[in-house]
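Worksheet: the structure to be examined is printed underneath.
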Amino acid sequence: SMWVSAGNGDGTAQELNMEIAACPITHVAVFSDRAEVTRMVTFKPNSVGETSIVLTGLTQKADTETIRVNRNGGDCVILEVAFDVHHQVIQPDTEAKSARDGHKSEIKQLNALLKERQAKTVRLQHARNHVESYLQTLVKESKVTELEQMGKALDFYSQRTADIDKDLAVCDQEQHELKAKIEAATAN
């Protein structure tokens with residue numbers, strides 16, 4: 001906060017507290033390494049005597065060596081300008097924290113489900129490769145000598161690979177949906 005003491009004669013001291021944001025900006029100059037902001041602080045003392053004006057809400061990055069106070073009218077004399085730093089502990093918004101924690105938990109669960117589906121896809125691809133390899137082994141090594149046995153082997157191959165392909169398609173769709181949900185949850 002910034003404290004300005006001004007006086008216009010003898011009498012009792014009074015203190016006026018003002019939020020800096022409530023003081024209108026009258027001029028701004030922007031430089032490559034800083035900005036100069038001029039604000040108008042208007043007050044009317046309630047009595048004759050010393051009046052202290054306390055301006056709160058100044059940024060912590062304000063260079064106190066560059067702050068100037070000028071009188072633009074009235075019969076007062078600026079007696080002193082001082083600065084005091086007050087740190088305000090901001091309590092976390094428990095509702096916002098709870099929502100963030102909920103999002104993190106949801107994303108974590110979705111990622112775990114995605115990893116499960118990816119692992120299932122790998123297992124299904126391995127199973128398909130084993131079925132194909134088994135059929136090739138039967139044919140190459142001439143273990144299937146009768147036409148009926150070959151028909152059964154081809155039926156087994158056809159049915160098993162069709163089941164695996166259906167499971168792979170479901171797995172791929174689930175992964176796509178999970179990725180979309182993760183992207184949506186991450187965007188929040």
Side-chain angles (χ1 to χ4, degrees), residues 1-6 14-44 46 51-70 72 80-131 160-188:
S1 62
M2 183 174 78
W3 178 74
V4 178
S5 178
Q14 67 173 331
E15 184 174 291
L16 298 174
N17 290 301
M18 302 175 85
E19 183 68 32
I20 194 74
C23 303
I25 296 174
T26 59
H27 182 265
V28 175
V30 180
F31 303 98
S32 63
D33 62 339
R34 68 190 182 288
E36 180 182 275
V37 179
T38 304
R39 291 185 179 265
M40 177 68 69
V41 178
T42 306
F43 72 97
K44 188 170 189 172
N46 294 333
T51 301
S52 295
I53 303 168
V54 178
L55 297 171
T56 58
L58 291 165
T59 178
Q60 292 181 355
K61 295 183 181 193
D63 182 0
T64 57
E65 298 295 319
T66 64
I67 296 177
R68 305 289 179 257
V69 178
N70 297 315
N72 207 15
E80 180 180 3
V81 177
F83 301 94
D84 199 9
V85 177
H86 299 278
H87 295 283
Q88 181 179 5
V89 177
I90 298 173
Q91 296 299 323
D93 183 354
T94 54
E95 190 174 309
K97 184 180 182 315
S98 176
R100 277 192 309 274
D101 290 346
H103 277 66
K104 286 180 183 178
S105 176
E106 178 185 5
I107 291 169
K108 187 176 180 178
Q109 289 173 344
L110 290 169
N111 277 319
L113 287 172
L114 180 61
K115 284 183 181 182
E116 286 176 17
R117 295 308 182 275
Q118 290 169 335
K120 184 176 181 180
T121 297
V122 169
R123 286 192 308 273
L124 288 168
Q125 289 169 339
H126 281 42
R128 192 174 204 291
N129 290 341
H130 287 305
V131 169
R160 189 65 190 121
T161 54
D163 290 344
I164 291 171
D165 289 344
K166 283 181 199 174
D167 290 344
L168 280 170
V170 168
C171 234
D172 287 344
Q173 181 62 33
E174 289 173 344
Q175 286 181 55
H176 178 72
E177 291 170 1
L178 286 167
K179 287 176 182 177
K181 287 179 181 179
I182 290 169
E183 188 175 315
T186 304
N188 291 334

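Nearest heavy-atom pair across Q175 and Q118 is OE1-CG, 3.3 Å. The two residues M40 and T26 come nearest to each other via the heavy atoms CB-CG2, 3.7 Å. Shortest non-hydrogen contact noted between M18 and C23 is CE-SG, 4.3 Å.
When atom types are taken as modelled, the side chain of H176 and the backbone of D172 share no donor-acceptor pair closer than 3.5 angstrom. Side-chain atoms of S105 never come within 3.5 Å of backbone atoms of D101 as a donor-acceptor pair (strictly under, hydrogens ignored).
Expressed to the nearest 0.5 Å, how far CG of L168 lies from OG1 of T121 amounts to 6.0 Å. Atom CG in L124 sits 10.5 Å away from atom CG in D163 (nearest 0.5 Å). Atoms CZ and OG1, from R68 and T38 in turn, are 12.0 Å apart once rounded to the nearest 0.5 Å. Going from atom CD of E19 over to atom CG of L58 covers 8.5 Å, rounded to the nearest 0.5 Å. Atom CD in Q125 sits 10.5 Å away from atom CD1 in I164 (nearest 0.5 Å). Remark: L178 CG to Q173 CD distance equals 10.0 Å, nearest 0.5 Å.
Between V131 and R128, every side-chain heavy-atom pair lies at or beyond the 4.5 Å cut-off.
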